[in-house]
Amino acid sequence: MTPKEKITTILKESGDVVSGEALSARLGISRVSIWKHIQGLVRQGTPIETTSNGYRLPPDPDSLMPWAFGARQALIHYFPETTSTMDEAVNLARQGCPDFTVAVAERQTHGRGRMQRTWRSADGGLFFTVVIRPAAMPLMQAGLVNLAAAIDMAAVLREIHKVDARLKWPNDILVDQQKICGILSQMDAEGDHVDHMAIGIGLNVNNAPETEEPVAISLKSLLGRPIPRREILLAFLERFETRIAAFDAEKVIGQWRENNATLGQRVCVFTFKEKVEGTAVDLDAQGGLILQQDDGTRQTVIYGDCFHR
């Protein structure tokens with residue numbers, strides 16, 4: 001850890017005022033150096049309070065600043081505003097960032113959705129992209145990673161906030177048929193294996209997407225109160241990291257089937273080249289959606305924008 005990271009960790013764990021003398025003794029540096037590091041942290045946005053008895057880091061359950069993530073703080077890259085966390089994460093990935101590096105932002109000016117759409121990114125939402133480096137994952141399984149991310153985020157929403165989060169193919173999360181979360185990925189490969197993937201997630205938490213998108217909903221609207229975002233992000237990262245470390249393609253398919261809102265529905269899927277309609281009946285081994293058409297034939301769609309009819 002850097003001195004700044006050590007200072008924020010000590011203050012966070014204390015939960016009370018810590019004197020400059022105590023920090024100096026813990027870090028083995030002068031009190032002047034402690035003061036300079038704290039001033040640097042304050043300039044970077046860490047809300048450290050200076051009192052007559054020392055320094056204090058007030059609790060903030062909604063903070064997305066790196067210092068608030070404990071052991072993960074070195075992997076968290078925070079942006080008050082950026083074009084998109086996907087842009088930031090891809091840049092970090094190509095510079096060789098570690099596995100499970102996260103770019104998180106308060107707002108995005110050009111958030112991305114599927115099919116080159118814009119993802120609305122108003123203050124209060126949880127917008128982040130996580131970089132994963134799945135060891136020797138074959139390209140044929142890459143499409144399942146989006147499904148896995150959706151499964152894990154939906155599970156977090158059900159467990160922490162008791163909402164009936166369901167999965168809509170290919171990678172949306174719905175509550176009462178209203179969209180609460182969207183997921184998008186970008187991948188670099190070496191040969192026939194994945195080098196890294198950037199998994200971008202936009203979750204409606206304390207924003208109000210329904211004012212512009214009638215089919216959208218937020219956790220705050222559902223529960224009637226502000227919701228801390230960091231707890232959701234940490235719970236998702238813990239669950240998703242465990243999954244990727246021992247990736248099981250059959251388990252992903254099975255869990256998606258158990259928690260989906262698409263199978264059995266009459267759907268229309270728009271790809272870049274065509275529109276395909278039919279009844280969604282299953283997933284194939286790579287996560288493609290199998291549609292039964294009116295003439296009884298079946299067609300598998302690998303990627304597209306899916307609408308329930």
Side-chain angles (χ1 to χ4, degrees), residues 112-120 137-159 163-187 197 199-204 209-210 213-218 222 236 239-240 243 247-309:
R112 301 184 195 175
R114 283 192 310 277
M115 308 288 284
Q116 300 180 346
R117 290 187 174 89
T118 297
W119 176 267
R120 299 185 186 278
M137 175 179 283
L139 286 177
M140 63 185 297
Q141 289 188 356
L144 297 176
V145 175
N146 279 357
L147 300 185
I151 291 166
D152 288 345
M153 180 58 82
V156 167
L157 298 179
R158 288 195 300 272
E159 291 177 8
V163 297
D164 187 23
R166 296 291 162 183
L167 309 169
K168 173 175 171 281
W169 189 89
N171 43 27
D172 288 343
I173 300 176
L174 307 179
V175 177
D176 296 331
Q177 295 299 316
Q178 293 174 292
K179 184 172 178 177
I180 197 167
C181 182
I183 299 171
L184 190 70
S185 68
Q186 186 168 326
M187 175 183 66
M197 293 184 71
I199 312 297
I201 297 180
L203 177 67
N204 297 325
E210 57 271 27
E213 297 286 347
V215 295
I217 195 70
S218 70
L222 285 167
F236 169 79
R239 182 182 288 269
F240 193 51
R243 180 187 297 278
F247 195 77
D248 185 331
E250 291 186 5
K251 185 175 182 180
V252 170
I253 295 291
Q255 290 178 333
W256 192 92
R257 287 174 177 143
E258 290 171 5
N259 296 288
N260 86 92
T262 296
L263 298 185
Q265 297 274 355
R266 178 80 179 178
V267 302
C268 180
V269 182
F270 290 88
T271 72
F272 284 112
K273 296 181 178 180
E274 61 180 342
K275 178 178 76 171
V276 184
E277 295 187 73
T279 300
V281 293
D282 205 355
L283 296 184
D284 70 6
Q286 285 77 50
L289 185 65
I290 302 173
L291 303 182
Q292 181 161 315
Q293 298 175 300
D294 293 340
D295 62 2
T297 61
R298 292 191 171 191
Q299 180 172 347
T300 299
V301 184
I302 302 299
Y303 181 83
D305 222 355
C306 178
F307 296 90
H308 293 177
R309 301 299 295 267

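All figures in this text were calculated on a predicted structure; none of them were measured in a lab.
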Measure the acute angle between the ring planes of Phe270 and Phe307, then classify it against the limits of 30° and 60° as parallel, tilted or perpendicular. perpendicular

What is the minimum heavy-atom distance between Asn204 and Ala216, and which atoms define it? ND2-CB, 4.3 Å

At what distance, to the nearest 0.5 angstrom, does OG1 of Thr300 lie from CG of Leu289? 8.0 Å

Asn260: side-chain contact (heavy atoms from CB on, under 4.5 Å) partners, not counting sequence neighbours: Leu167, Trp256, Thr262, Leu263

Do the side chains of Asp176 and Ile217 get nearer than 4.5 Å, heavy atoms only? no

Minimum heavy-atom separation for Cys181 to Ile201, with atom names? SG-CG2, 3.6 Å

Of the non-hydrogen atoms in Ala142 and Met197, which two are nearest, and what is the gap between them? O-CE, 3.7 Å

Is there side-chain contact between Leu222 and Ile180, with at least one heavy-atom pair below 4.5 Å? yes

Pairwise side-chain contact, Ile253 with Leu144, heavy-atom cut-off 4.5 Å (strictly under): yes

Within the supplied structure, the quantity of interest is the number of heavy atoms (other residues, nucleotides, ligands) at a distance under 6.0 Å from Glu250 CD; does it exceed 12? no

Worked check of side-chain contact (heavy atoms from CB on, under 4.5 Å) between Gln141 and Val252: CA-CA 10 Å; Gln141 289 188 356; Val252 170; over 6 Å; no

Considering only heavy atoms from C-beta outward, does the side chain of Leu147 approach that of Leu283 to under 4.5 Å? yes

Looking at every heavy atom in both Arg243 and Ala148, which two are closest together, and how far apart are they? CD-CB, 3.4 Å

State which residues pass salt bridge (charged side-chain N to carboxylate O under 4.0 Å, His left out) with Glu277; sequence neighbours excluded, sorted by chain then number. Lys275, Arg309

Can you list everything that forms a side-chain contact (heavy atoms from CB on, under 4.5 Å) with Asp295? Sequence neighbours excluded, please. Gln293, Thr297

Is any side-chain heavy atom of Leu184 closer than 4.5 Å to one of Asn171? no

Closest contact, heavy atoms only, Ala150 versus Ile173: O-CD1, 3.6 Å

Measure the shortest side-chain to side-chain distance between His308 and Val267 over non-hydrogen atoms and say whether it is less than 4.5 angstrom. yes

Under the side-chain contact (heavy atoms from CB on, under 4.5 Å) rule, what do Leu203 and Phe236 come out as? Steps first, then yes or no, please. CA-CA 12 Å; Leu203 177 67; Phe236 169 79; over 6 Å; no

Heavy-atom closest pair (Lys179 atom, Leu174 atom, distance to 0.1 Å) is CA-CD2, 3.7 Å

Qualifying residues under side-chain contact (heavy atoms from CB on, under 4.5 Å), relative to Val281, sequence neighbours excluded: Thr279, Ile290, Gln292, Arg298

Rounded to the nearest 0.5 Å, what separation is found between the CD atom of Glu274 and the CD atom of Gln299? 5.5 Å

Side-chain donor or acceptor of Lys168 paired with backbone N/O of Cys306 under 3.5 Å: yes

What residues form a salt bridge (charged side-chain N to carboxylate O under 4.0 Å, His left out) with Asp282, not counting sequence neighbours? Arg257

With sequence neighbours left out, the residues meeting side-chain contact (heavy atoms from CB on, under 4.5 Å) with Asp164 are Arg166

Could you check Val145 against Met187 for side-chain contact (heavy atoms from CB on, under 4.5 Å), going step by step and ending with a plain yes or no? CA-CA 11 Å; Val145 175; Met187 175 183 66; over 6 Å; no

